[in-house]
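Every chain is numbered from 1, with letters handed out A, B, ... down the list of sequences.
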Amino acid sequence: MAEKLTSRAQGFSEWYVDLVQKAKLADYSDVKGCMVIRPNGYAIWENIQRTLDRMFKDTGHQNAYFPLLIPESYLKKEAEHVEGFAPQLAVVTHAGGAKLEEPYVIRPTSETIINRSFSKWIQSYRDLPVLINQWANVMRWEMRTRLFLRTTEFLWQEGHTCHETEEDAEAETLKMLDVYRTFAEDYMAMPVITGRKSESEKFAGADRTYSIEAMMQDKKALQAGTSHMLGQNFAKAFDTQFQGRDGKMHHVWQTSWGVSTRLIGALIMTHSDDAGLVVPPRIASRHVAIIPIFKTPEEKAQVLEKANALAAELKKASLGVMVDDDETKGPGWKYAEHELIGTCLRIELGPKDLAKGTCVMVRRDERKKEFVPLTEAVDKARGMLEQMQKDLFEKARAFRDSNTFEVNSYEEMKEKADAGFLLAHWNQDPKVEARIKEETGLTTRNRPFTVKQEPGKCVVTGESSPGRIVFAKAY
RNA sequence: CGGGGAGUGGCUCAGCCUGGUAGAGCACUUGGUUCGGGACCAAGGGGUCGCAGGUUCGAAUCCUGUCUCCCCGACCA
């Protein structure tokens with residue numbers, strides 16, 4: 001760990017790649033486009049899973065698991081769906097030493113194979129709603145990959161639900177979007193914009209797609225989660241029908257929604273700094289590292305005894321705590337290391353502290369030393385972590401808000417192309433959207449619920465626009 | 001698929017142009033001194049130089065082929 005990270009100012013991309021590897025979050029593998037998620041990175045994923053899983057259960061969903069391999073013919077049943085995913089599929093043509101009658105695709109998402117099951121499970125309106133979630137890996141062959149943000153194989157969660165009416169399905173779609181918003185903001189301390197995607201950005205096979213969009217420190221947008229109102233598209237393709245209250249057969253109305261390990265990338269690019277990873281306490285597993293400082297054997301015995309006692313108290317307060325008593329490293333080395341790997345709070349404890357009955361506490365995000373009486377250490381640690389959680393969110397929100405602009409002409413839009421989020425009027429024509437992307441690199445992110453939709457004039461054509469949509473450069 | 005770069009101890013890389021006994025830093029092992037912001041000294045261990053052919057008395061180095069990864073574009077969570 002001798003060399004430091006590339007600074008964000010030097011190169012945001014390099015900083016990111018450096019950080020991911022030096023904080024031991026992930027490694028490249030020998031498989032093209034695939035990454036190894038190391039224990040430090042996987043621990044973050046486990047915390048994301050734990051929290052989201054509880055939120056899904058609290059909203060009535062159950063977990064299930066469906067096959068990794070999907071008969072190719074399934075994908076083809078929904079025209080728009082197969083067209084959208086065809087270029088990204090990995091296909092299994094041989095197995096058991098022989099060529100297969102029908103190839104399998106490795107799931108890029110599971111709408112099709114899950115609908116096969118749904119159509120068997122559902123007979124009556126009494127069977128509805130069906131609320132299923134799956135934690136799984138998926139594979140989408142990508143031309144270009146980036147650790148956590150876009151890899152060929154990634155881990156995610158996909159929710160799939162069936163409802164009796166369009167209204168119910170729409171309500172579910174928005175409810176889960178709001179679960180994502182709550183999770184992003186309250187746990188990841190990452191402010192997000194909820195809204196509806198444009199036609200060209202929507203999921204292949206959906207009627208409508210909604211997303212949460214976050215701003216990274218380089219002012220680029222990152223789609224952090226999506227929720228789709230699938231309408232009856234898959235129900236019709238797979239004949240997922242039920243007998244309704246009217247005695248007649250109806251196709252179910254469906255939703256699907258997902259977030260992936262991409263969230264880890266979002267977390268890094270939202271909060272981390274030039275010293276390393278910064279993780280909000282509510283999503284961290286490493287809350288406190290106690291660094292004992294001593295020279296003589298007598299000091300060692302005294303300091304370690306106190307450090308272990310303090311650690312035990314902190315553990316009782318449900319904090320992830322470790323005493324870093326590795327004698328082959330000096331204290332300075334440990335400070336730097338814990339900053340790199342994103343330990344939320346550092347407690348320094350040495351002979352001088354024991355004499356005074358204090359310790360030194362340092363928040364990872366602020367890195368300011370504070371002397372704290374040992375008798376108050378646990379309360380203080382909890383308080384500092386809570387404050388850190390709030391401060392990280394507020395800092396990220398202030399950053400996003402100060403880099404969000406209303407623009408009223410195409411000229412202004414071009415000038416501010418790298419400035420952050422641009423709220424602009426657009427006539428909803430995909431050709432105009434494509435032209436803007438071609439000429440400025442900006443894409444539509446979503447039409448925010450929080451921005452009042454007032455009619456205006458498209459910045460490119462001058463034609464009528466229903467309201468402002470977010471444009472930004474995106475990951 | 002285009003365009004670039006790279007494959008040499010665990011890691012980062014030098015050596016290649018101009019062929020001649022495989023190097024450095026970090027990490028690791030042992031001993032000692034250190035320890036409140038990335039310590040130091042000494043002694044060690046560790047590499048079929050991506051793979052396959054070829055040229056040559058001799059190849060990490062030259063030639064041919066091949067595989068893989070990374071970066072930049074088109075595709076995307």
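A6(B) is paired with U68(B) under the criterion used here, namely a Watson-Crick or G-U wobble arrangement in which both key atom distances are under 3.5 Å. Pairing for G73(B) goes to C1(B), judged as Watson-Crick or G-U wobble with the two contacts each under 3.5 Å. For U12(B), the paired nucleotide is A24(B), the pair qualifying as Watson-Crick or G-U wobble because both relevant distances are below 3.5 Å. Remark: C40(B) base-pairs with G32(B). Criterion, Watson-Crick or G-U wobble with two distances under 3.5 Å. Under the Watson-Crick and G-U wobble criteria, each requiring two contacts below 3.5 Å, nucleotide C49(B) is left unpaired. Judged by Watson-Crick or G-U wobble contacts below 3.5 Å, the nucleotide C17(B) has no partner.
Looking at heavy-atom distances under 4.0 Å, T443(A) makes no contact with the nucleic acid at all. Nucleic acid contact for Y475(A): none, since no nucleic acid atom lies under 4.0 Å from a heavy atom of the residue. Within 4.0 Å (heavy atoms only), T226(A) reaches no atom of the nucleic acid at all. L149(A) comes within 4.0 angstrom of a nucleotide base, judged by non-hydrogen atoms across all strands. When heavy atoms are screened at a 4.0 angstrom cut-off, Q223(A) is found touching the sugar-phosphate backbone but no base atom. As judged by a 4.0 angstrom heavy-atom cut-off over every strand, Q88(A) is placed among residues touching the sugar-phosphate backbone only. Y335(A) comes within 4.0 angstrom of a base, heavy atoms only. Counting any heavy atom pair closer than 4.0 Å across all strands shown, R146(A) reaches no nucleic acid atom.
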message = With side chain to side chain contact (heavy atoms under 4.5 Å, CB included) as the criterion, how do F421(A) and N403(A) come out once you've worked through the C-alpha distance, each side chain's angles and the decisive distance to 0.1 Å?
response = CA-CA 6 Å; F421(A) 286 178; N403(A) 291 297; over 6 Å; no

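If you measure from atom NZ of K437(A) to atom P of G73(B), you get 12 Å, rounded to the nearest angstrom. If you take CG of L263(A) and C1' of A77(B), they are 10 Å apart, rounded to a whole angstrom. Counting to the nearest Å, the C1' atom of G73(B) and the CD atom of E438(A) are 12 Å from each other. When the C1' atom of C71(B) is taken as reference, atom OH of Y28(A) falls 9 Å away, rounded to whole Å. The interatomic distance linking M139(A) (CE) with C75(B) (C1') rounds to 16 Å, in whole Å. Atoms CG (D326(A)) and C1' (U34(B)) sit 15 Å apart, rounded to a whole Å. Taking atom CD1 of residue I291(A) and atom P of nucleotide G37(B), one finds them 12 Å apart after rounding to whole Å. Atoms CD (E348(A)) and C1' (G38(B)) sit 14 Å apart, rounded to a whole Å.
When only modelled atom types and interatomic distance are considered, R146(A) and S13(A) share a side-chain donor-acceptor pair under 3.5 Å. Donor-acceptor pairing under 3.5 Å is lacking for the side chains of Q21(A) and Y28(A). A donor-acceptor pair shorter than 3.5 Å can be found between the side chains of E153(A) and N137(A).
In this structure, the ring of F118(A) has its center no less than 6.0 angstrom from the ring center of H160(A). Taking the six-membered ring for Trp, H228(A) and Y210(A) have ring centres at least 6.0 Å apart. Side-chain rings of W333(A) and H338(A) stay apart, their centers remaining 6.0 Å or farther from each other. Here F56(A) and W257(A) bring their ring centres to under 6.0 angstrom of each other.
Nucleotides U29(B) and G46(B), compared at atom C1', are 11 Å apart to the nearest Å. Comparing the C1' positions of A52(B) and C70(B) gives a spacing of 24 Å, expressed to the nearest Å. Comparing the same atom, P, in A14(B) and in G3(B) gives a spacing of 24 Å after rounding to whole Å. On the C1' atoms, G9(B) is 28 Å away from G65(B), given to the nearest whole Å. Remark: the separation of the C1' atoms in U8(B) and G25(B) is 15 Å, to the nearest Å. As rounded to the nearest Å, G23(B) and U56(B) have C1' atoms that lie 25 Å from one another. On the P atoms, C16(B) is 34 Å away from C1(B), given to the nearest whole Å. Taking the C1' atom of each, A42(B) and U18(B) are spaced 39 Å apart, rounded to whole Å.
In this structure, C34(A) and W141(A) both approach RNA chain B, and ranking their closest nucleotides by distance from the 5' end singles out C34(A). Nearest-nucleotide positions on RNA chain B for S29(A) and M143(A) put S29(A) closer to the 5' end.
Note that R107(A) lies outside the cation-pi zone of F66(A), set by a 6.0 Å cut-off to the ring centre and a 45° limit from the axis.
A salt bridge links E213(A) with K197(A): the closest approach of a Lys/Arg side-chain nitrogen to an acidic carboxylate oxygen falls below 4.0 angstrom. Between E339(A) and R364(A) there is no salt bridge, since no side-chain nitrogen of the basic residue lies less than 4.0 Å from a carboxylate oxygen of the acidic one. We find that E438(A) and R435(A) are not joined by a salt bridge, their nearest charged nitrogen and carboxylate oxygen being 4.0 Å or further apart.
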Listing time: all N or O pairs from protein to nucleotides 39-41 of chain B that are below 3.5 Å?
none

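For G37(B), the base has a donor-acceptor partner in the side chain of E339(A) [N/O atoms by modelled type, under 3.5 angstrom].
The K295(A) side chain lies nearest to C35(B) when the options are C70(B), A77(B), C35(B). Minimum atom distance to the side chain of K32(A) is reached by C70(B), of the listed A77(B), C28(B), C70(B). Among the nucleotides C69(B), C70(B), G38(B), the one closest to the side chain of T145(A) is C70(B). In this structure, the nucleotide among C71(B), G38(B), C35(B) sitting nearest to the side chain of P331(A) is C35(B).
Only G350(A), P351(A), K352(A), D353(A), V360(A), K369(A), listed by number, bring a heavy atom of residues 350-378 of chain A to less than 4.0 angstrom from any atom of RNA chain B.
Contact record, L149(A) with A266(A): CD2-N, 4.4 Å, taken as the closest heavy-atom pair.
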